[in-house]
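This report refers to the structure that appears directly beneath it.
Values below: all heavy atoms of this structure, side chains included; hydrogens, waters and symmetry mates excluded. Throughout, numbering of the chain's residues begins at 1 and tracks the sequence.
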Amino acid sequence: MSPVAVQLQRAAVLHGPKDLRLEERPFWPPQYNHAQVAVRSTGLCGSDLHYYLEGRNGDFALQAPLVLGHEAAGVITAVGPGVKNLVLGQRVAIEAGIMCKECNYCQAGRYNLCKGMRFASSAKTFPHLDGTLQDRMNHPAHVIHPLPDNCSFEQAALAEPLSVLIHAARRANLASGQRVLVFGVGAIGILACALANVYGASRVVAIDINRARLDFAKSHGFASQTYCLPMVEKAKTTEEQLRRAKDNVSTALSKFNEPEGFDVVFECTGAEPCIQMSIHTAVTGGKVMLVGMGSRNVMLPLSAAALREVDIQGTFRYANTYPEALKLLGSGKLRNIEKLITHRVPLEDTARAFELLARGKDENGNMVIKIVIGPSS
């Protein structure tokens, strides 16, 4: 019997902090209820960067080599037995999380909280589940979503971070006519602004410490007004930090001419001072959505929330959001959303892309917001 030729593909594999290697690996036909996707675009995000720089993301440390990437789209190249909803050549987006479908959370439609969730590119579970920074990957068919005709691969790669904001907006019951404030205008914050506009917010404003990013948000119509926080030395005491947060809010609300605050505040930085400020910027009876991941332990002005019935809500990943995200991305309603993608890099240069993302500016001084990894040019 003649030997079967093993087909090889390339993958960007992380072995440790800043140890990213382009390797050739075998790829296999998809198993039952799985499909194979030729990956055409993968957006890099903050959690990918943490793994690249530190070999860990919070409590989740690398225990074995791992392929990063979870914001992705591509083309179906093979389908396994039992797959009915996908066909060869179909353009799709990959939802990275694989839920158990049996626990109480999954049964209730909150599969983002599934204790048995395995998430591609995360080191939370072991063996790790490889992500999308590879030429092809096999993935369960029920978390592969067909693209609308007008949605490009690059736009579809934004469906994952956009899903984070759709989930947060649903939890906030974001409605037309509400006033929205966004802390942080990185990729997630820009998407929060864009989504609030689509949902009919009467006003969308943003706060950051980075003037260039604020100018980007305003010039492309994501925020109607912005406020740049002053750069100051770190507060020496908790009391000073809390007082400074309140003072900064007073100045910002005055500039926005919203002395009572905003109906919904999306906190997209994860930074302790911004979380503290977010409580003061919410109107009495308003909501603060904790979207950003950063400080693990935070001192909060809880009385300022409790006495004004300001709801502080956590939000984690997403559930049942991809169809809406892809529909929005293909509709053209998210005006200028493609401007988020500032740099495009081929798979073999993934390490350079991470260094670029870490610096925040390219060799020519241009701002880096979202980098998309694609096939070789």
Go through R211 and T226 one step at a time and tell me if the side chain to side chain contact (heavy atoms under 4.5 Å, CB included) criterion holds. CA-CA 9 Å; R211 169 57 64 188; T226 63; 3.9 Å; yes
Given 3.5 Å as the limit, does a donor-acceptor pair link the side chain of [X] with the main chain of [Y], or not?
X    : Y    : result
N57  : F60  : no
R170 : L165 : no
S121 : L68  : no
Y52  : S47  : no
S219 : D215 : yes
R21  : L14  : no
N112 : F316 : yes
T125 : R118 : no
R308 : V310 : no
S278 : I275 : yes

Walk me through it: do L129 and V67 pass the test side chain to side chain contact (heavy atoms under 4.5 Å, CB included)? CA-CA 8 Å; L129 184 64; V67 176; over 6 Å; no
For a ring pair (Phe, Tyr, Trp, His ring centres under 6.0 Å) check, start with the C-alpha distance between F126 and H128, then their side-chain angles and the critical distance, and finish with the verdict. CA-CA 5 Å; F126 186 81; H128 304 325; 5.3 Å; yes
Indicate yes or no: does [X] engage [Y] in a salt bridge with an N to O separation below 4.0 Å.
X    : Y    : result
E240 : R244 : yes
R179 : D263 : yes
E363 : R359 : yes

Whether F256 and F262 hold their rings parallel, tilted or perpendicular, with breakpoints at 30° and 60°: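 Perpendicular: the ring planes of F256 and F262 meet at over 60°.
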Shared ILVMFWY cluster between V291 and V198, side chains joined below 4.5 angstrom?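 Shared cluster, yes.
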Please determine whether residues V298 and I312 belong to a single hydrophobic cluster, defined as Ile, Leu, Val, Met, Phe, Trp and Tyr linked transitively by side-chain heavy-atom distances below 4.5 Å.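 The answer is yes; both residues are in one hydrophobic cluster.
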Single hit among E267, Q241, K246 for side chain to side chain donor-acceptor pair (under 3.5 Å) with Q276: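 With Q276 as partner, E267, Q241, K246 yield a single side chain to side chain donor-acceptor pair (under 3.5 Å), made by Q241.
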Where do Q36 and M137 land on the side chain to side chain contact (heavy atoms under 4.5 Å, CB included) test, with the steps shown first? CA-CA 6 Å; Q36 186 180 90; M137 70 179 292; over 6 Å; no
Do other residues, nucleotides or ligands put more than 12 heavy atoms under 6.0 Å from the CZ atom of R335?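 No, the 6.0 Å shell around CZ holds no more than 12 heavy atoms from other groups.
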Flag for [Y]-[X]: side-chain donor and acceptor within less than 3.5 Å:
X    : Y    : answer
E324 : H167 : no
E95  : Y318 : no
Q313 : T315 : no
Q9   : R136 : no
Q107 : E102 : no
Y199 : Q178 : no

Give a yes/no verdict on a cation-pi contact between R91 and F153, requiring under 6.0 Å between NZ or CZ and the six-membered ring centre and an angle within 45° of the axis.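 Judged by the rule, R91 and F153 form a cation-pi pair.
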Lys/Arg cation over aromatic F119: R317, 6.0 Å, 45° cone: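 Yes.
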Test side chain to side chain contact (heavy atoms under 4.5 Å, CB included) applied to I144 and L86, V83, N85, V79, the passing residue: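 Among L86, V83, N85, V79, the one meeting side chain to side chain contact (heavy atoms under 4.5 Å, CB included) with I144 is L86.
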Just do the salt bridge (charged side-chain N to carboxylate O under 4.0 Å, His left out) check on D135 and R25 with the steps written out, would you? CA-CA 10 Å; D135 288 327; R25 290 180 162 190; over 6 Å; no
Of all residues at least two apart in sequence or in a different chain, which pass the ring pair (Phe, Tyr, Trp, His ring centres under 6.0 Å) check with F183?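 Partners of F183 by the ring pair (Phe, Tyr, Trp, His ring centres under 6.0 Å) criterion come out as none, since no residue qualifies.
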Under the criterion side chain to side chain contact (heavy atoms under 4.5 Å, CB included), I'd like the reasoning laid out for L347 against R10: C-alpha separation, chi angles, the key distance, then a yes or no. CA-CA 8 Å; L347 181 65; R10 301 169 310 155; 3.8 Å; yes
Over all atoms of both residues, closest heavy-atom pair of [X] and [Y]:
X    : Y    : answer
P161 : E71  : CD-CD, 3.7 Å
A196 : V204 : CB-CG2, 3.8 Å
R213 : I369 : NH2-CA, 4.4 Å

Can you list the residues that meet the side-chain contact (heavy atoms from CB on, under 4.5 Å) rule with S152, with sequence neighbours excluded?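 Counting only residues at least two positions away or on another chain, S152 forms a side-chain contact (heavy atoms from CB on, under 4.5 Å) with E154, Q155.
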List for me each residue that meets side chain to side chain donor-acceptor pair (under 3.5 Å) alongside D362, sequence neighbours excluded, and say none if there are none.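 Here the qualifying residues are H343, N366.
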Side chain proximity check, V182 to F222, heavy atoms < 4.5 angstrom: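 Not in contact.
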